[in-house]
Q: 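Handing you this structure, nothing more for now.
To find a chain, count down the sequence lines: A is the first, B the second, and so on, and within it residues start at 1.
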Amino acid sequence: MFTAPEGKRKSADKTMTLTEAFKLFINNGDSIAFSGMGGSQCVAHTYELIRLGYRGMTLFGDSPCEAGDMLIGAGVVNRIEVAWCAYAVAGLGHNYRRAVEESIPAKIEVKEYSNYTMGLRFLSGAMNLPFLPTKSLLGSDLPTYNPEIKEMECPYTGERLALVPAARPDVAVVHVSRADKRGNCQNLGFISNAENIGRAAKKTIVTCEELVSTDEIRRNANLTFLPEYCVDAVVEVPFASHPWNFPYAYAYDIPFHAQQMEAYRTREGFLNWLDEWCFAAGSWDGYLRKVGWDRLFKLQQVERRFTLSSI
Amino acid sequence: MFTAPEGKRKSADKTMTLTEAFKLFINNGDSIAFSGMGGSQCVAHTYELIRLGYRGMTLFGDSPCEAGDMLIGAGVVNRIEVAWCAYAVAGLGHNYRRAVEESIPAKIEVKEYSNYTMGLRFLSGAMNLPFLPTKSLLGSDLPTYNPEIKEMECPYTGERLALVPAARPDVAVVHVSRADKRGNCQNLGFISNAENIGRAAKKTIVTCEELVSTDEIRRNANLTFLPEYCVDAVVEVPFASHPWNFPYAYAYDIPFHAQQMEAYRTREGFLNWLDEWCFAAGSWDGYLRKVGWDRLFKLQQVERRFTLSSI
Amino acid sequence: MVYATDYTLAELLVATAAREIKDGDVVFVGVGIPGLGAGLARLTHAPNMIMAMECGSIGSQAYRLVLGIGDNACVENAICNTSLWRLFSDQQRGYFDVGMVGGAQVDKYGNLNSTVIIDNRSYQQPKTRLPGSGGANDIASSARKTILMINMQARRFIEKVDYITSPGYLDGYDARERAGLPGGGPAAIITDKCIMRFCPVTKEAYVASVHPGVTIEEVKSLVSWNLKVSPDLQKTEPPTAEQVKITRTLDPEGIYLRGGLRNLTFDRYIEMLENSRDVLSKAFMKKLYNGSADRC
Amino acid sequence: MVYATDYTLAELLVATAAREIKDGDVVFVGVGIPGLGAGLARLTHAPNMIMAMECGSIGSQAYRLVLGIGDNACVENAICNTSLWRLFSDQQRGYFDVGMVGGAQVDKYGNLNSTVIIDNRSYQQPKTRLPGSGGANDIASSARKTILMINMQARRFIEKVDYITSPGYLDGYDARERAGLPGGGPAAIITDKCIMRFCPVTKEAYVASVHPGVTIEEVKSLVSWNLKVSPDLQKTEPPTAEQVKITRTLDPEGIYLRGGLRNLTFDRYIEMLENSRDVLSKAFMKKLYNGSADRC
């Protein structure tokens, strides 16, 4: 039986570097989940996991892009429970395809859900419930190939329901607009599954585009979607989603992404990319320098022109 | 079997008066739910329901104060599904007590839940699911006297769970900080169960302290907890929670409330109160005039001194 | 109504998708041609339409092309930014009128596959691994109606899909209801050759209209079952001149309309965003203040 | 540590409640004496404590007395304003360290009744209808530990409560775990005469300390079962002078400390709020900037 897991780390200052946070809270073989949906992807985090050489991990995700395809290609992840994996408009998930179709670089185990039902799995974990019911999945082939999706007859109405089990990753990595040192997180823009991933996980690492004071958090308390008691570590990582967009911060660098996707078509192309952008760059700062701060600044500046927010 | 209920009314301008909204969307015998928790109570709405002479209603609520006790005392409601009913620091729910203990003014039927599980019932209705599981209620006497609380063994873990059925009131009455004419609702301060009550109900009447433009809504889209497609009617009703507080708007008028509670100790006291403050006042405007705008202004002004919000 | 005389197939499809949206509809929108269709509807006959995007943003009013379901365009001037689970719960509640879904295979009951092409191999090690459901299964399960968009090829339009990712009418008749699915199911399949609709009784797809220049024989040859045809077969309505003009404004670099992503330089991209900000904000203001939408 | 020499029973209870809270605890707070206890803890030994209120507000820093679980004081300078269901879900997830619960009856296993005094009548038509669970059942089910607060009377401390609103250890031993309850159960009963704690094995309540001036005989006479007493019975620690001073600052009109609501005029109330704004904001600033809490 599952008993309520221990609370998160308590501290008035949880800030550290990304490398420190990963080394402290992530182990080989852990299950992990990332926030983001299309935009706000955890890209810096993906590169860091690869750089640190993690192995044997399980990924819980809704529709991961980099955090799915790259971690599979780099051999970090060998088991995924997801709804989708590709790069949307930019391109297909060639690493994912190679792994499933040809076991390159290795065979991976796949359990499939839909975006909503992955969302419900995180919600379920966040609520400390072992499952949640839904009307998705019924009649489709997702339950055919995934025995963890169960069906039940409602004890109140007799109607058919699909059940999905709670997702309780060992580690959540959540990237947000702003956070304070204690771990209070606010987003301008969509939340994706971040609020539940951050609660469901045993350990939660928050990164933010901008570190702010607790007074700033208190001024807009309705924006806080993840309070400090859900959070173990806080890291300021600006531009952590590049080449993806981050709402109210910077536009999507789709020309960069298209180029990257072109490289990923072949296994060598992908490995060369890793050598150049992940290992040789040495850190996310190195990656950003390589992208060029003038380019990043333009992505930020063009985004400002679209912004109405008064916050 | 429950199929997805029809969407709400579509219109770019859903504004009307409270009386119009009630006459249009509320019928005798309907089930109804109100937003608020301690503060932000739907008081104006309670008086209006009584004034319009509704009968035979069922109340779904978490911890209603006026909307529970007064509607019972006035004979509007004869069935309640709630977690609690009283006036907190101000006093006991004498009408509720008289109804249960002595069938005055009439016998009422009571189904009891806890605050969380009423919250889950509204969430369940909002999600169009027939029930949700919980770890509350287990081992207590709430299931003993409420057969609608079922128990099940989790098909994944074998652990014991309590189940609560969805609450799907005919009408929701939700009072918010600000809304636009289309029904997009934002709160500064807590949300109580408003986001789910407004979604779970077949028809949803929104009242707001302040009507704002849709552009103002768009500037702070992260504050919108109830979008327009959940809403049928919008009414601007300032000070609708008096004597209760409303966050970022006005302080709790607890001296007034204490006086009111004193009157409610006896049945005559309560009926006299209704005559004077509900019927003779004639409308919520009449009530507010009777309270005195100078007093209301002071409650507003003193609240401003405590406010940090930058929104 | 002035029909365009000069338009591409992509522009026809955008207009066709747009016509499936009524004013006031809440639409679960993706990117690409269906997304352009939604954008076009918003700027023409459906100014009060509300777009819902999977990331959790509702009612955006973007002055640029939407480049992803979590693009900043999705939150731009949105009426509500929320969570993925809440957005999909609202759909499960019945609040979403239209959902647009695509796939790699479809069958005569509108069941879609976007998961795997098995082709004599296995689900675990298929011929082609596709991205998977994403939100498609959920949209197909719960939207009041779905519009399917898929290009015609005999290997795509098959008797039985390898894997039902997004349920249509399952085995037809009342199979969908019996499965417990709350949404209404597919209302149309928009293809590059024709529009199919579904028999209200059997729930089998039939050709309702063929696109200009396409014969019914060509359509039938691209379907691997004996495709039914409406006795009242129509010609698909071409886009109007206004629709084409607005469509091109929405996607000035032809990213979706002409596969223009590959040649897009960074400078051209930034320039596209800046122009688009000015052009589309004017287009919206014109529509909203002079058109049929109330501005409040 | 300078103990107060001049203090009321209410002030002792506030200090006793405060001592159950550790720095950094997330505390599910109500109003009245327990609420004052939480406020006192925050301004003394637990500056990093986080208060959670049922309405959905988390981490308030109120410069006034909290007059309800949805009072504006609950959102004042909060770190997070959210929904009721989310707040309680966080508790069910195990994030809340301490919950404070009261009731009209309690039994030796810490089960509380705040629903009905049946007294030879029925649940449906009881002798006394009480307000009901509110959030008490949920707190008692899921908080890591609960602190019960109830005044002693033989008709309140009974062998078996009329109705279990808030589960304690049910029938003792492992009954609570077997029922599937995730929270840790009661850690103490704070009464107006003594503090009781629970045997780690049998889960039966025993007297751990008696308040100054109270005899163990008096305590036992107010309990309708054969109450166990710690072999190491203590005298309850009195409040410190600082605790009493701060407690009085928190409730200057004695609304909770002296039942001062009845005589509170509107003008005195407004004046109380305005003074309290100034006095408490200074007290917080002093604590937060000079004390042990990091201000970031």
Side-chain angles (χ1 to χ4, degrees), chain A residues 1-15 122-130 132 166 168 178-187 191 195-196 198-202 204 211-232 234 236, chain D residues 22-28 46-52 56-62 74-83 85-98 141-145 174 176-184 284-285 288-289 291-296:
Chain A
M1 195 194 301
F2 183 83
T3 52
E6 285 304 315
K8 304 291 171 76
R9 205 162 66 95
K10 290 178 178 179
S11 165
D13 186 354
K14 298 172 183 167
T15 54
F122 292 124
L123 176 60
S124 181
M127 295 173 82
N128 191 20
L129 292 172
L132 279 175
R168 294 186 171 104
R178 57 192 187 194
D180 68 7
K181 288 179 181 177
R182 295 171 174 270
N184 294 297
C185 301
Q186 301 187 329
N187 262 10
I191 315 291
E195 68 188 61
N196 293 320
R199 284 170 162 90
K202 295 186 188 72
T204 295
L211 202 62
V212 297
S213 72
T214 298
D215 281 345
E216 180 67 22
I217 296 288
R218 292 189 195 277
R219 255 191 287 280
N220 298 286
N222 281 66
L223 294 178
T224 308
F225 66 91
L226 204 57
E228 57 186 89
Y229 56 68
C230 305
V231 174
D232 295 287
V234 178
E236 191 181 44
Chain D
K22 295 199 302 289
D23 195 21
D25 274 354
V26 183
V27 185
F28 209 125
N48 296 293
M49 184 197 114
I50 297 171
M51 301 196 209
S57 289
I58 300 165
S60 69
Q61 183 173 293
C74 305
V75 309
E76 196 183 320
N77 301 318
I79 54 167
C80 177
N81 290 323
T82 183
S83 300
W85 77 268
R86 173 61 83 182
L87 186 99
F88 278 94
S89 293
D90 280 358
Q91 179 175 251
Q92 188 170 262
R93 166 64 179 76
Y95 285 129
F96 292 4
D97 301 284
V98 186
S141 297
S142 289
R144 291 187 165 279
K145 74 172 185 185
D174 63 346
R176 189 182 159 88
E177 265 176 34
R178 277 189 288 111
L181 291 166
F284 267 105
M285 289 305 114
L288 293 171
Y289 288 107
S292 57
D294 281 272
R295 186 73 173 174
C296 47

Q: To the nearest 0.5 Å, tell me how far D:Q61 CD sits from D:N77 CG.
A: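 CG of D:N77 is found 5.5 Å from CD of D:Q61.
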Q: For the CD atom of D:Q91 and the OG atom of D:S141, what is their distance to the nearest 0.5 Å?
A: 8.0 Å
Q: Please determine, among D:D90, D:V26, D:I58, the option with the most heavy-atom pairs under 4.5 Å with chain A.
A: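 Heavy-atom pairs under 4.5 Å are most numerous for D:D90.
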Q: In terms of heavy-atom pairs under 4.5 Å, which option from D:T82, D:I50, D:L181 contacts chain A the most?
A: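 Most heavy-atom pairs within the cutoff with chain A belong to D:I50.
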Q: Considering only heavy atoms and a distance below 4.5 Å, find which of A:L129, A:N184, A:T224, A:I217 pairs most often with chain D.
A: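 Most pairs with chain D among the choices: A:T224.
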Q: If you measure from CZ on A:R219 to OG1 on A:T214, what distance do you get to the nearest 0.5 Å?
A: 11.0 Å
Q: Quick one: which of A:M127, A:E228, A:E195 has the most heavy-atom pairs under 4.5 Å with chain D, could you say?
A: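 Looking at each of A:M127, A:E228, A:E195 in turn, A:M127 comes out on top.
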Q: Grab the two heavy atoms, one from A:R218 and one from D:I79, that are nearest each other, plus how far apart they are.
A: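 Result for this residue pair: NH1-CG2, 3.6 Å.
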Q: How are the rings of A:Y229 and D:F96 set to each other: parallel, tilted or perpendicular (split at 30° and 60°)?
A: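 A:Y229 vs D:F96 ring planes: perpendicular.
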Q: Looking at A:K10, A:Q186, A:R199, which makes the most heavy-atom pairs under 4.5 Å with chain D?
A: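 Counting heavy-atom pairs under 4.5 Å, the top option is A:R199.
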Q: May I ask you to name which of D:D25, D:D97, D:N81 has the most heavy-atom pairs under 4.5 Å with chain A?
A: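 Option with the top pair count is D:N81.
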